[in-house]
Asks: 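Following this message is one structure expressed as structure tokens.
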Amino acid sequence: MSEWQAVDSLLRAKRQTYAGNGGEEKEPCRPGAHDFRYEEEDYFYMDTYLGGRLFTGEEAVWQKQEKAAVPIWSMNYSGRTLADSFDTGFLKEALGLVDEKEPFRGPALYRKGEYLYHCSSCGSLEWFQGQEEIYYGTVKIYECVFHGGAVA
């Protein structure tokens, strides 16, 4: 899979679901899961995670075909909050700034008041890994690792 045309769909999905305070599915795919779905004419996206303060999850994209949807991309992530000063709203703001150059999590740097979001990654859409952190002042209050790529 080369840098595929579904990137625009992936970015819209990320901004309309968790990061965009999108509605959570009423019937999760697994007990205790939090599921967020987004669908367009050619693609279907799902973000599902387990946990809260300690969490793990997966985002995936399927391409719709005549008889069935075929998985084409996936990203796994796992993280934790480290302090009570963690602000979910700030994380969602940062994740909403995801761009087409690195469509994995948020931007390399995002600051608002005392909060600082930092994300680094290596690789391409086909195979990548990275990590993100949030600091409040000089104290790290959140961390998450992620990896993924094309599915064939």
Side-chain angles (χ1 to χ4, degrees), residues 1-100 102-107 110 115 117-134 136 140-152:
M1 178 175 75
S2 62
E3 301 296 310
W4 39 277
Q5 63 189 10
V7 171
D8 288 339
S9 180
L10 175 62
L11 295 177
R12 283 190 296 275
K14 287 174 173 277
R15 292 177 182 137
Q16 293 295 316
T17 56
Y18 179 78
N21 294 308
E24 189 173 326
E25 295 291 303
K26 292 182 184 357
E27 296 292 326
C29 66
R30 297 173 289 176
H34 303 273
D35 294 347
F36 298 86
R37 298 167 61 104
Y38 180 80
E39 193 166 344
E40 292 186 351
E41 186 174 327
D42 296 328
Y43 300 100
F44 168 71
Y45 164 93
M46 186 167 185
D47 178 6
T48 183
Y49 73 92
L50 303 169
R53 191 177 63 78
L54 303 170
F55 62 90
T56 190
E58 178 183 55
E59 294 179 33
V61 175
W62 289 260
Q63 185 172 29
K64 295 178 186 176
Q65 297 186 358
E66 239 177 76
K67 296 186 180 193
V70 176
I72 59 171
W73 184 84
S74 153
M75 176 180 72
N76 297 104
Y77 56 88
S78 186
R80 62 186 180 158
T81 61
L82 302 169
D84 291 337
S85 54
F86 172 72
D87 180 357
T88 303
F90 176 74
L91 173 61
K92 288 180 177 186
E93 280 181 38
L95 295 179
L97 299 173
V98 63
D99 68 31
E100 66 279 347
E102 295 185 58
F104 315 125
R105 297 291 283 175
Y110 175 64
Y115 289 96
Y117 172 91
H118 175 255
C119 183
S120 61
S121 63
C122 62
S124 69
L125 200 58
E126 290 186 6
W127 183 259
F128 63 89
Q129 61 186 353
Q131 64 182 22
E132 65 185 357
E133 303 167 320
I134 295 177
Y136 185 77
K140 185 179 356 179
I141 60 171
Y142 165 91
E143 60 188 1
C144 178
V145 295
F146 56 89
H147 65 272
V151 176

Asks: Please tell me if the side chains of Tyr18 and Leu91 come closer than 4.5 Å, counting only heavy atoms from C-beta onward.
Replies: yes

Asks: With a 3.5 Å distance limit and no angle check, can you tell me whether Arg15 reaches the backbone of Val98 through a side-chain donor-acceptor pair?
Replies: yes

Asks: What are the two closest non-hydrogen atoms of Ser85 and Tyr136, and how far apart are they?
Replies: OG-CB, 4.0 Å

Asks: Should Thr48 and Cys29 count as side-chain neighbours, where that means a heavy-atom distance under 4.5 Å?
Replies: yes

Asks: Could you tell me if Tyr43 and Asp8 have a donor-acceptor pair between their side chains, going purely by distance under 3.5 Å?
Replies: no

Asks: Rounded to the nearest 0.5 Å, how far apart are SG of Cys122 and CD of Glu102?
Replies: 9.5 Å

Asks: Please check if the number of heavy atoms outside Glu143 that lie under 6.0 Å from its CD is greater than 12.
Replies: yes

Asks: With under 30° as parallel and over 60° as perpendicular, where do the rings of Phe90 and Tyr110 fit, or are they tilted in between?
Replies: parallel

Asks: Would you compute the distance between atom OH of Tyr115 and atom CD of Glu93 and round it to the nearest 0.5 angstrom?
Replies: 10.5 Å

Asks: To the closest 0.5 Å, what do you measure between CD (Glu133) and SG (Cys144)?
Replies: 10.5 Å

Asks: Any donor and acceptor pair, going by atom type alone, linking the side chain of Lys64 with main-chain N or O of Glu40 inside 3.5 Å?
Replies: yes

Asks: How many angstroms lie between CG in Asp47 and CD in Gln16, if you round to the nearest 0.5 Å?
Replies: 13.5 Å

Asks: Can you confirm whether Arg37 sits close enough to Thr17 that some side-chain heavy atom of one is under 4.5 Å from a side-chain heavy atom of the other?
Replies: no

Asks: How many angstroms lie between CD1 in Ile141 and OG1 in Thr81, if you round to the nearest 0.5 Å?
Replies: 8.5 Å

Asks: How far apart are the closest heavy atoms of Cys119 and Pro107, and which atoms are they?
Replies: CB-O, 3.3 Å

Asks: Are His34 and Pro28 close enough that some pair of their side-chain heavy atoms sits under 4.5 Å apart?
Replies: no

Asks: Write down the atom of Lys92, the atom of Asn21, and the distance for their closest heavy-atom approach.
Replies: NZ-OD1, 2.8 Å

Asks: Please answer whether the main-chain N or O of Tyr77 pairs with a side-chain N or O of Thr56 as donor and acceptor at a distance below 3.5 Å.
Replies: yes

Asks: Fit a plane to each ring of Tyr142 and Phe86, take the angle between them on a 0 to 90° scale, and name the class: parallel (under 30°), tilted (30 to 60°) or perpendicular (over 60°).
Replies: parallel

Asks: Search all heavy atoms of Ala33 against all heavy atoms of Leu50 and return the closest pair with its distance.
Replies: CA-CD2, 3.6 Å

Asks: Counting C-beta onward and ignoring hydrogens, is there a side-chain heavy-atom pair between Ser9 and Arg12 closer than 4.5 Å?
Replies: yes

Asks: Is the backbone of Gly106 close enough, under 3.5 Å, to the side chain of Tyr117 for a donor and an acceptor to pair up by distance?
Replies: yes

Asks: Between Lys14 (side chain only) and Phe104 (backbone N and O only), is there a donor and an acceptor less than 3.5 Å apart?
Replies: yes

Asks: Measure the CE-NE2 distance between Met75 and His147 for me, rounded to the nearest 0.5 Å.
Replies: 10.0 Å

Asks: Show, in sequence, the C-alpha distance, side-chain angles and deciding distance for Phe36 and Tyr45, and conclude whether the ring pair (Phe, Tyr, Trp, His ring centres under 6.0 Å) test is met.
Replies: CA-CA 8 Å; Phe36 298 86; Tyr45 164 93; 9.3 Å; no

Asks: Hey, does Gln63 have a side-chain heavy atom less than 4.5 Å from the side chain of Val61?
Replies: no

